Amino acid sequence: MTSRRPGRVPAPALALAVPAAALLLAGCGDSGGLEKAGPTPTAVGPRHLWPTLPPASSAVDDYGAGETETVKGVFVPGGDLREVDPVTVVLAQAAADPDTYKTVRKGLDDCGDPAKREKKGPNCPVLHAYYSDLTGDGKDDMVVGIKAPKQQLVVRVYAYADGALTQIMNDEDAVISVELAGHSVVVRAVADLSGYEYRTSWSYDAHQKAMLPTRDEIVRTGPPKTPSASPSVTPPAPSATPSAAPAPGAS
């Protein structure tokens with residue numbers, strides 16, 4: 001698992017200026033006539049720059065948006081993800097693709113095997129899960145965090161449908177916090193500009209059947225200093241409840 005920053009989603013070049021009404025109705029108690037509200041500003045529309053420039057045919061950066069992965073070898077009792085230990089899911093993926101997990105392999109060895117009722121050790125990088133209906137199908141999906149080297153945090157979302165457990169989101173960054181807002185996962189991350197942070201809102205797309213970064217922005221946070229990259233997870237709204245409390249000493 002390697003750290004990556006997304007190519008920033010471009011904001012609209014220019015915003016439309018909405019003109020104020022030219023005339024306002026007079027208030028109660030006056031003569032009932034009309035009064036001037038001043039000159040009407042001219043609406044300014046977007047300007048198309050370099051109109052003869054041919055459009056790009058492919059993206060420069062591979063952000064992984066829209067990519068999904070079926071997790072094999074994990075039984076989901078009654079289709080309820082609350083009955084599945086997040087460690088079981090991550091271990092299954094690590095077994096299927098060990099190269100991707102080589103940076104956290106040593107930590108995973110401290111996670112134990114939930115199937116054997118082994119306790120999770122203090123160095124296990126898999127955090128306890130949170131649950132919320134992010135796909136809109138009425139069933140809770142599972143949000144998992146995995147601590148990675150260099151203060152990175154991997155944030156993943158898993159959904160269960162049609163008899164298959166599928167990873168529908170995978171993001172890794174120098175995370176400040178993670179929040180659940182409605183059907184979205186909002187990831188705040190350290191920016192490379194002092195006094196700013198990245199905020200990416202991931203939402204489910206029914207066409208891709210995956211979580212996509214539907215809103216990606218850089219936000220001013222205060223005086224010029226880079227915020228500390230200390231991964232944390234903001235407790236979800238009442239509709240999104242966490243998993244059972246982890247064993248003592250667990251991450």
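Residues: numbered from 1 along the sequence shown. Everything quoted here is computed from the prediction, not taken from an experiment.
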**Prompt:** Salt bridge between Asp205 and Lys209, side-chain N to carboxylate O under 4.0 Å?
**Reply:**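 Here Asp205 does not pair with Lys209 in a salt bridge, since their nearest N and O are not under 4.0 Å apart.
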**Prompt:** Taking NZ, NE, NH1 and NH2 as the nitrogens, is one of them in Glu197 or Arg188 under 4.0 Å from a carboxylate oxygen of the other?
**Reply:**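 Salt bridge flag = yes for Arg188 with Glu197.
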Are side-chain N/O atoms of [X] and [Y] paired as donor and acceptor at under 3.5 Å?
X: Asp97; Y: Thr100; result: yes
X: Tyr158; Y: Glu69; result: no
X: Thr166; Y: Thr68; result: no
X: Tyr204; Y: Asp141; result: no

**Prompt:** Ignoring hydrogens and geometry, is there a side-chain-to-backbone donor-acceptor pair from Lys139 to Tyr160 under 3.5 Å?
**Reply:**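 At least one qualifying donor-acceptor pair exists.
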**Prompt:** Among Val143, Leu127, Val144, which one satisfies side-chain contact (heavy atoms from CB on, under 4.5 Å) with Pro86?
**Reply:**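 For Pro86, the side-chain contact (heavy atoms from CB on, under 4.5 Å) test succeeds with only one of Val143, Leu127, Val144, which is Val144.
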**Message:** List the residues meeting side-chain hydrogen bond (donor to acceptor under 3.5 Å, both in side chains) with Asp113, not counting sequence neighbours, and say none if there are none.
**Reply:**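 side-chain hydrogen bond (donor to acceptor under 3.5 Å, both in side chains) list for Asp113, sorted by chain: empty.
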**Message:** Would you say Val219 ends up clustered with Val190 if hydrophobic residues are merged whenever their side chains have heavy atoms under 4.5 Å apart, either directly or through other cluster members?
**Reply:**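 Looking at the clustering, Val219 is in a separate group from Val190.
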**Verdict with supporting geometry, Asp140 and Arg82, salt bridge (Lys or Arg N to Asp or Glu O under 4.0 Å)** = CA-CA 8 Å; Asp140 281 340; Arg82 292 176 178 271; 2.8 Å; yes
Hey, could you give me the [atom1]/[atom2] distance between [X] and [Y], rounded to the nearest 0.5 Å?
X: Lys102; Y: Leu108; atom1: NZ; atom2: CG; value: 14.5 Å
X: Thr103; Y: Ile146; atom1: OG1; atom2: CD1; value: 9.5 Å
X: Asn123; Y: Lys147; atom1: CG; atom2: NZ; value: 8.0 Å

